[in-house]
Amino acid sequence: MLIEIALKSSYFHQIAICDDHLMSIKVPRFVKRTPQSLTQFSNWKASELLSWLLCYSIPILKGVLDTNYYSHYCLLVVGLHILLGDKITQQSLDLAEHCLQQFYLKYSELYGIESTTMNVHLLSHLVMYTRAWGPLWTTSCFPLEGMNGVLRKHFHGTREIPLQLANNFAMLHLLPQLQYKQLTKTMMKGRSAAPVYVIGANVQDSLSTDELDKMKEYCHSELQVDYDKEMSAVTLHSRAIVNGTMYHSTLYNCKATKRNNYTVAYQMDEQVQFGTVKSFLSLTIASKTSPVILCAIKPLRPHQSRAATTISSMEVNAYLLKTFKYVSEKDEFIYIEAERLISLCVSITVQEKQLQCVVLPPNGYEFIN
């Protein structure tokens, strides 16, 4: 509704700029649908509206939507982002309650009393339900609607529909076991059962002098391994699976040109950092029983000048800065162990495509990698 009001009003301008940013987004695998033009928003599915709200809209509307409306809209995004999180503290619940109450109270002032529908009013009660029942994704209708779609594909014709559903649903439950057995025989053959492993053929490439020097330094300082004496083999790979999530590198030649599965969040010095995966390396070391999987990362540097916002509330401002990180690529790379990868991220180009805004999904349950 907010999009419809904005598109028809004077306080939303430069829609072509917004569309340019929106249509250039290469989404990761956990975003099921690639972005559509704002002019086609009436055809958007619920999941597309959710992606717009939680990921795309804040960086795209900054500097385009008038300041009062942008600040007001940020209250909605922060409130719902908190309530959809997988870990919600009492302090963050209080912040979400403040945001949604302020959004509701100011809505009629900005958009008119005729636009203040029951759905807008219900936003003011979401924190109460979250306190009673937990994060919003635990009571989301998306899984139920999705299961209706699954069930609809498991019967044909009009005879004995309950029996068809029972038989096919039982087979559906057996498929993961069959899939695991098949993967064990084929893809997983000869690989470690560890939570990290490379997939696909070796990349036919060699390490540059700079890469080799950094590799030796990393092995000595982090792995306590003498590269020249103990290294048996180093192979490059374009993809890896880490804790059940598949990550790509920029080496991976993929037909899915509208997907970005290489912008990631990773753990470094007890902080969450962001970067672009260059490649994965499998190291066979004489003193270790299984290969060590490393990830070559180009770090993304925080861009402080873009980070400043127009939100008056310090708490809301701090949450926005933590959730929507404006970054630029460093002209360097580092090695990390692949286990340090946390999640794929949504990456959005902004400011004449000189900067990126990286966004982590609010939870790892509704947004399945």
Side-chain angles (χ1 to χ4, degrees), residues 1-6 30-32 41 44-59 61-62 65 67-148 272 309-324 343 346 359-368:
M1 183 175 180
L2 279 175
I3 300 176
E4 184 177 6
I5 293 173
F30 64 76
V31 178
K32 303 306 180 186
F41 85 95
W44 286 11
K45 301 295 184 181
S47 61
E48 293 173 283
L49 291 168
L50 187 65
S51 296
W52 166 262
L53 177 73
L54 299 177
C55 300
Y56 313 150
S57 59
I58 291 296
L61 294 178
K62 185 175 177 64
L65 196 64
T67 302
N68 289 339
Y69 294 93
Y70 181 77
S71 300
H72 179 251
Y73 180 75
C74 285
L75 295 172
L76 175 65
V77 174
V78 170
L80 292 181
H81 217 282
I82 291 172
L83 299 184
L84 284 165
D86 44 17
K87 292 182 180 179
I88 307 176
T89 64
Q90 184 61 51
Q91 184 179 4
S92 61
L93 266 180
D94 293 340
L95 176 58
E97 188 168 38
H98 165 77
C99 289
L100 294 179
Q101 287 288 352
Q102 289 300 307
F103 179 84
Y104 171 59
L105 292 174
K106 295 178 180 179
Y107 191 91
S108 59
E109 176 184 335
L110 293 174
Y111 297 99
I113 191 67
E114 68 279 359
S115 300
T116 311
T117 63
M118 178 57 71
N119 285 338
V120 176
H121 170 74
L122 289 175
L123 289 172
S124 62
H125 297 295
L126 288 181
V127 173
M128 178 184 68
Y129 294 122
T130 302
R131 294 184 196 277
W133 303 107
L136 296 182
W137 54 264
T138 62
T139 52
S140 170
C141 290
F142 283 171
L144 299 177
E145 292 179 7
M147 185 53 67
N148 284 337
V272 177
T309 72
T310 56
I311 310 301
S312 57
S313 170
M314 291 181 61
E315 289 181 307
V316 176
N317 191 39
Y319 192 91
L320 286 171
L321 296 180
K322 180 182 71 172
T323 307
F324 299 90
S343 174
V346 176
V359 188
L360 275 170
N363 64 72
Y365 300 94
E366 193 174 28
F367 298 87
I368 299 174

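What you see is a predicted model, and the numbers here were worked out from it, not measured in a lab.
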ask   = Which pair of non-hydrogen atoms, one from V359 and one from C55, has the smallest distance, and what is that distance?
value = CG2-O, 3.8 Å

query = Any idea which heavy atoms bring A96 and V127 closest together, and the distance?
reply = C-CG2, 3.9 Å

Test ring-ring contact (aromatic ring centres under 6.0 Å, His included) applied to H125 - qualifying residues, sequence neighbours left out = H121

inquiry  = side chain to side chain contact (heavy atoms under 4.5 Å, CB included) for S71 and T67? Distances and angles first, verdict last.
reply    = CA-CA 6 Å; S71 300; T67 302; 4.2 Å; yes

ask   = What pairs with Y56 under ring-ring contact (aromatic ring centres under 6.0 Å, His included), at least two apart in sequence or on another chain?
value = none

message = If you take the centroid of each ring, where Trp contributes its six-membered ring, are F103 and Y107 closer together than 6.0 Å?
response = yes

ask   = Between L76 and L100, is any pair of side-chain heavy atoms under 4.5 Å apart?
value = yes

task = Test Y129 against T139 for side chain to side chain donor-acceptor pair (under 3.5 Å), laying out the working first.
result = CA-CA 10 Å; Y129 294 122; T139 52; over 6 Å; no

ask   = For L360 and T323, what are the C-alpha separation, side-chain angles and deciding distance, and is it a side chain to side chain contact (heavy atoms under 4.5 Å, CB included)?
value = CA-CA 7 Å; L360 275 170; T323 307; over 6 Å; no

message = By the definition side-chain contact (heavy atoms from CB on, under 4.5 Å), identify the one residue from I88, L83, N363 that meets it with L136.
response = L83

ask   = Do W52 and F41 touch side chain to side chain, with heavy atoms closer than 4.5 Å?
value = no

request  = Enter the distance from T116:OG1 to K106:NZ here, rounded to the nearest 0.5 Å.
outcome  = 14.5 Å

message = So, using side chain to side chain contact (heavy atoms under 4.5 Å, CB included) as the criterion, who are the partners of P362 when residues are at least two apart?
response = L54, H81, L84, F367

remark   = For W133 and T138 the tightest heavy-atom approach is O-OG1, 3.5 Å

Validation row: L80, L126 side chains within 4.5 angstrom (heavy atoms) = yes

ask   = Which distance, rounded to the nearest 0.5 Å, do you find between the CD of E315 and the NE2 of H98?
value = 7.5 Å

remark   = Here the gap from C99 atom SG to L123 atom CG, rounded to the nearest 0.5 Å, amounts to 12.0 Å

ask   = Taking side chain as C-beta onward, heavy atoms only, is Y104 less than 4.5 Å from L122?
value = no

key: Heavy-atom side-chain proximity of L95 to V316 below 4.5 angstrom   = yes

query = Do C74 and L320 come within less than 4.5 Å of each other through their side chains, counting heavy atoms only?
reply = yes

remark   = For S51 and V31, the nearest pair of non-hydrogen atoms, with its separation, is OG-CG1, 3.8 Å

request  = Among residues two or more places apart or on two chains, list those pairs meeting salt bridge (Lys or Arg N to Asp or Glu O under 4.0 Å) that have a residue in residues 122-140.
outcome  = D94-R131, E97-R131

query = Rounded to the nearest 0.5 Å, how far apart are CG of L65 and OH of Y73?
reply = 9.0 Å

request  = Please collect all salt bridge (Lys or Arg N to Asp or Glu O under 4.0 Å) contacts where either partner lies in residues 48-59, sequence neighbours excluded, each pair once.
outcome  = none

task = Work out which heavy atom in L110 is nearest to a heavy atom in Y69; give both atom names and the distance.
result = O-OH, 3.4 Å

message = Taking salt bridge (Lys or Arg N to Asp or Glu O under 4.0 Å) as the cut-off, I'd like each qualifying pair that reaches into residues 67-93, sequence neighbours left out, listed once.
response = none

inquiry  = To check you understand the geometry: which heavy-atom pair defines the closest contact between V77 and S57, and what is its length?
reply    = CG2-OG, 4.3 Å

